[in-house]
Amino acid sequence: MNRDLPGGLDAMVRDLLAWFAARARPLPWRRDYEPYRVWLSEIMLQQTQMDRAVGYFERFTARFPDVASLAAASEEEVLKLWEGLGYYSRAKNLLAAARLVAARHGGRVPDDPEALRALPGVGPYTAGAVASIAFGRDVPAVDANVERVFARLFDLDLPPREPATAAFIRKTAAQMIPPGKARELNQALMELGALVCLPKKPRCSECPLAGRCEALRLDLVFERPVPAKAAAYIPLEVATGLLVRQGRVFVQKRPATGVWAGLWEFPGGTVESGETPEQAVVREFMEETGLRVAVTGRLAVVRHGYTRYRVALHCFSLRDADGEAPQPALHAAQEGRWAALPDLDGLAFPAGHRKLIDRLGRDIPFPGPALP
DNA sequence: TATCCGTGGCC
DNA sequence: TGGCCAAGGAT
């Protein structure tokens, strides 16, 4: 990592501010930088793309033009205006914070980073952003854009969230601020990240800092920022089976809570240690349905992922092990059904089971005798 | 510290 | 087309 600044910070800041003055997008809250509007924009932009947030901002400020009107609002109406934007706790926190501002700060958004930080929904980034952009306080505002710009500019060879890297970024971001110019500089860094220093498609030929970018000089732009250590994926062996009677396969609807709530599935479950997938599917059928089944064939191993798991789904064809074949119990489901192959298309399955279904009748034969 | 929270665009 | 990502914060 090169922490020396080619040409020095001053020249870099000068070029960056000139670029921002020329290229800054005319956003609604940039008209007058009214603190309430800046604050609202920062909340709406958390994990949300600009194009999507602007329309919501216009509708929201038309209905709630200031802290007082928002503080007097019902949560229901605030949520209605937030509908579709996602991360709804932002809306609830915003309303709670507006009421706090009305009660404790006389309806004026505080200009102090610490006071801002105390408001619900305001973290380190948003506190710095509002203090600098709305009030011109000389504090940094480091978001993912700034992290990416710095990672490339200084060729940082550790992930931006690493403590040492984060400290360097924050310290440098603070040092770069010309006195009284934090509003412009912080926005310029973020704007550069949003318009030019893009994650997958950097536009280095348009970058005002290209001549000072260490990653570009070393042809490492696409290697920066270094991704954080990927959350360790947990390999999971899962077994499931198709029990067919008279051309129909048993499926069950999962409970209303928990993972895949309300989705349909073939019974099955995790392969425990010391257990083969065949043994697991027989055991799981007994536990979940009370049925004694026997494996008649291996259909496929479907690989898929969800959240942090990487699943190998072992799929078997099954038959009733007993002559007598009672109806399945529902120990792990709210509903059961015997479904013909075409019926499965009308039910919602988790991705792994859906992959299996999509292959049935194509490269995997539907087990048992032909459909009636 | 890791995980959850929502949605739409992207390739 | 499904998996990944995008102006974070709370727990």
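Lettering of chains follows the sequences in order, A, B, ..., and the numbering in each one begins at 1.
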Rounding to the closest angstrom, what is the interatomic distance between [N] and [M] at atom [atom1]?
N      : M     : atom1 : value
C:dT11 : B:dG6 : P     : 14 Å
C:dC4  : B:dT3 : P     : 15 Å
B:dA2  : C:dA7 : C1'   : 22 Å
C:dC5  : C:dT1 : C1'   : 16 Å

Rounded distance in Å - [atom1] ([X]) to [atom2] ([N]):
X      : N      : atom1 : atom2 : answer
A:Y56  : B:dG8  : OH    : C1'   : 10 Å
A:N93  : C:dA10 : CG    : P     : 6 Å
A:D51  : B:dG8  : CG    : C1'   : 11 Å
A:R90  : C:dG8  : CZ    : P     : 10 Å
A:E162 : B:dT1  : CD    : C1'   : 12 Å
A:K92  : B:dC5  : NZ    : P     : 12 Å
A:K355 : C:dG2  : NZ    : P     : 8 Å
A:N145 : C:dC5  : CG    : C1'   : 12 Å

For this session: Using ring pair (Phe, Tyr, Trp, His ring centres under 6.0 Å) as the criterion, list what pairs up with A:Y87, not counting sequence neighbours.
Result: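 So A:Y87 forms no ring pair (Phe, Tyr, Trp, His ring centres under 6.0 Å) with any residue.
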Problem set entry | First encountered from the 5' end of DNA chain C, between A:Q49 and A:G121 |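 Looking at the nearest nucleotide for each, A:Q49 comes out on the 5' side.
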Exercise. Which comes earlier along DNA chain C counting from the 5' end, the contact point of A:T48 or that of A:V122, where each point is its nearest nucleotide?
Worked result: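 Between the two, 5'-proximity favours A:T48.
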For this session: Look at all strands and tell whether A:L85 reaches a base, only sugar-phosphate, or nothing, counting heavy atoms closer than 4.0 Å.
Result: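 Base, at least one base atom sits under 4.0 Å.
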Would you check if [X] and [Y] make a side-chain contact, meaning some heavy-atom pair closer than 4.5 Å?
X      : Y      : value
A:F316 : A:T296 : no
A:S317 : A:V295 : no
A:V271 : A:T276 : no
A:H353 : A:L313 : yes

For this session: Please identify each residue that fulfils salt bridge (Lys or Arg N to Asp or Glu O under 4.0 Å) with A:R337, with sequence neighbours left out.
Result: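 Partners of A:R337 under the salt bridge (Lys or Arg N to Asp or Glu O under 4.0 Å) test: A:E335.
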Problem set entry | A:R108: partners by salt bridge (Lys or Arg N to Asp or Glu O under 4.0 Å), with sequence neighbours left out |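 Partners of A:R108 under the salt bridge (Lys or Arg N to Asp or Glu O under 4.0 Å) test: none.
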Exercise. How would you list all residue pairs meeting ring-ring contact (aromatic ring centres under 6.0 Å, His included) that involve residues 237-257 of chain A, not counting sequence neighbours?
Worked result: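 Of all non-adjacent pairs touching residues 237-257 of chain A, those that pass ring-ring contact (aromatic ring centres under 6.0 Å, His included) are A:F250-A:W338.
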Exercise. What are the residues of residues 21-28 of chain A, sorted by number, that bring a heavy atom to within less than 4.0 Å of DNA chain C?
Worked result: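 The stretch gives A:R25, A:L27 as the residues lying under 4.0 Å from the strand, ordered by number.
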Problem set entry | Sorted by number, the residues of residues 188-205 of chain A with heavy-atom contact under 4.0 Å to DNA chain C |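 Residues of residues 188-205 of chain A that come under 4.0 Å of DNA chain C are, in numerical order, A:M190, A:E191, A:A194, A:P199.
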Side-chain N or O of [X] closer than 4.0 Å to phosphate OP1/OP2 of [N]:
X      : N      : result
A:Y88  : B:dT7  : yes
A:Q46  : C:dA7  : no
A:S41  : C:dA7  : no
A:R148 : C:dA7  : yes
A:R117 : C:dA10 : yes

For this session: Find which nucleotide of DNA chain B each of A:R52 and A:Y87 is nearest to by heavy atoms, and output the residue with the more 5' nucleotide.
Result: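 Whichever sits nearer the 5' end wins; that is A:Y87.
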Exercise. ring-ring contact (aromatic ring centres under 6.0 Å, His included) between A:F64 and A:F60: does it pass, once the steps are laid out?
Worked result: CA-CA 6 Å; A:F64 302 120; A:F60 200 97; 5.3 Å; yes
For this session: Indicate whether any N or O donor in one side chain lies under 3.5 Å from an N or O acceptor in the other, for A:Y125 and A:Q46.
Result: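 No, because no side-chain N or O of A:Y125 sits under 3.5 Å from a partner of the opposite role on A:Q46.
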Exercise. Can you name the one residue among A:W29, A:W39, A:W82 that meets ring pair (Phe, Tyr, Trp, His ring centres under 6.0 Å) with A:F57?
Worked result: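 Exactly one pass, corresponding to A:W29.
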